[in-house]
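One structure below.
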There are 2 protein chains.
Amino acid sequence: MSAVPAGRKRGARAEVPITKDAIVETAFRIIEERGLEAFSMRSLATELGVFPATLYWHVGDRSCLLGLVEHRWIEEVVLPDECTDWRDWMLQLGRRYRAHALAHPNVARLATIERARNVDSLVIPDAIVGKLIEIGLDRDLVHAYNAIMGAVRGFVLLELSPRSEPDAESDVESDLRNLDEERFPNITAQFDRLGDHALSMRWSNGVDRPLNDSFDFLMSLLIDGLAARLPVTRP
Amino acid sequence: MSAVPAGRKRGARAEVPITKDAIVETAFRIIEERGLEAFSMRSLATELGVFPATLYWHVGDRSCLLGLVEHRWIEEVVLPDECTDWRDWMLQLGRRYRAHALAHPNVARLATIERARNVDSLVIPDAIVGKLIEIGLDRDLVHAYNAIMGAVRGFVLLELSPRSEPDAESDVESDLRNLDEERFPNITAQFDRLGDHALSMRWSNGVDRPLNDSFDFLMSLLIDGLAARLPVTRP
DNA sequence: ACCTGAACACCGTTCAAGT
DNA sequence: ACCTGAACACCGTTCAAGT
């Protein structure tokens, strides 16, 4: 929108006051609308109509800023109602996390890949740990938590990581359609079901072709597995 | 090692012949030894003692080169023996994949995050699809494949993604040790078990503190779940 | 306190020109 | 066919200087 800072006087205030929140908000928008590779400290500064150095005064360096963007994203996920069955609670939380990731895929990818820098983003982990203890998991608490967290966040990340750049979709599609039947007998035999629907075999991206049923299948594997490992409680 | 190309004659051949394999090999080594952020087309060229443009002639651009590096990594994973029980086969494959990732964490992270560009890297997917069909999965073939693939690769990726930079480990540790008991009652109550052992609550990285038991726990959740969803076969 | 303007040390990529 | 040397259009970050 706005161009490079037009001849403002040295040290003069920006016409629109620059705040930390405005910077994070704009960074979020750039990443979501134009992709992470379109985001830079300089492009952000240009968008805000200030010099790059201004950003450093407000939010620190690039890494800090991305941490703030991640945090703004993850804190919008709302926990399910406490008083439902734990299986339902777990499924709902997984679905809400994933829905929020599909709504903001670029920031979601960023938040999963980069280490989260904000301690605040531990509200979901804390809730999961609490729920696992509540249902009686004790000895395998850490493993159950890691399994759920790793599987769910990992699945969503891979779902959102397309095989191809947007401009090369058709290339990938034809590569996959013409796989060698000798080398990949199983994939080629099942290609009508797998093509564009299975991880590593898609040409569309995760937002255009969401893997809803596969995600629910994974959630049911995890939840059933946990249920089977619960201590037997006589009602 | 070698410095910038010393006054070689314009157009003269490099003293060590530059091949595609040598470029990929060196790129692999730089990423593994010094991290992905230390890798650049220019640093690689310097290491090889040539000008950056030379690389473009041999391997195309940066994105293509990283694709080749990924491929060199994934093709080293060897499939388990065909004639074992399918549960064992699946567990072994997961463990081998993970072991190989822990052995080359930086390239493994790269390969999981970026889309794989090489069709050749579908040998593992093809083997999994074949195994799933062999044991009788049909209706949920795609979902079972996606669940396993997403959960396993995702878990390993998150395990390898540390919360902190190597130089800020102690900061993260003290942040986590001093969590607010009001906001995070469950984590603080279980901190002796969770601290440095649960995803998002670690300060050491995934190689120094591997989550072996958690991974096996996840594998057993997945495998038991698949077994329960198999069509009943009378022996 | 807040922002400019310039500088520093990097990038990826392209291309004419050489052998 | 293979490589140089230079150029182009970018980066993130720092810092003295201004108001």
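By convention in this document, chain letters (A, B, ...) are assigned in the order of the sequence lines, proteins followed by strands, and residues within each chain are numbered from 1.
- OP1 or OP2 of D/dT4 sits under 4.0 Å from a side-chain N or O of B/Thr54.
- Counting only heavy atoms from C-beta on, A/Ile18 has its side chain closest to C/dC3 among D/dT13, C/dC3, C/dT14.
- Among the nucleotides C/dC11, C/dT13, D/dT13, the one closest to the side chain of B/Ser43 is C/dC11.
- Base pairing annotation: C/dA1 forms a Watson-Crick or G-U wobble pair with D/dT19, both donor-acceptor distances under 3.5 Å.
- As judged by a 4.0 angstrom heavy-atom cut-off over every strand, B/Arg42 is placed among the base-contacting residues.
- Atom CD1 of A/Ile23 and atom P of C/dC2 are 11 Å apart (whole Å).
- Between B/Phe217 and A/His143, the two ring planes are tilted [angle within 30° to 60°].
- B/Glu25 and B/Arg29 are not joined by a salt bridge, as no carboxylate oxygen comes within less than 4.0 angstrom of a charged side-chain nitrogen.
- When both distances must be under 3.5 Å, the Watson-Crick or G-U wobble mate of C/dA6 is D/dT14.
- Protein atom NZ of A/Lys20 is 15 Å distant from nucleotide atom C1' of C/dA1, rounded to whole Å.
- In this structure, a donor-acceptor pair under 3.5 Å is absent between the side chains of B/Asn106 and B/Arg34.
- Projected onto DNA chain D by closest heavy-atom contact, A/Phe39 and A/Ala53 fall at different nucleotides, the more 5' of which corresponds to A/Phe39.
- Annotation for B/Arg153 and A/Ser200: closest pair NH1-OG, 3.6 Å, computed over non-hydrogen atoms.
- Listed nucleotides C/dT4, C/dT13, D/dG12 differ in distance to B/Met41; the shortest reach to its side chain belongs to C/dT13.
- With rounding to whole Å, B/Phe51 atom CZ is found 18 Å from C/dT13 atom P.
- The nearest whole Å value for the distance from the CG atom in A/Leu55 to the C1' atom in C/dA1 is 16 Å.
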### Task
For the pair A/Asn146 and B/Phe155, evaluate side chain to side chain contact (heavy atoms under 4.5 Å, CB included) and give the outcome as yes or no after the intermediate values.
CA-CA 8 Å; A/Asn146 281 336; B/Phe155 180 99; 4.2 Å; yes
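- Per the geometry, OH belonging to A/Tyr56 stands 15 Å off C1' belonging to C/dG5, to the nearest Å.
- Atom CD in B/Glu37 sits about 14 Å away from atom C1' in D/dG12, given to the nearest Å.
- Between B/His58 and D/dC3 there is a side-chain N or O to OP1 or OP2 distance below 4.0 Å.
- With rounding to whole Å, B/Asp61 atom CG is found 7 Å from C/dT14 atom P.
- Taking only side-chain nitrogens and oxygens, B/Ser40 never comes nearer than 4.0 Å to OP1 or OP2 of C/dC10.
- Among D/dA1, D/dT13, C/dT13, the nucleotide with an atom closest to any side-chain atom of A/Arg62 is D/dT13.
- Across D/dA9 and C/dA9, the matching P atoms stand 22 Å from one another, rounded to whole Å.
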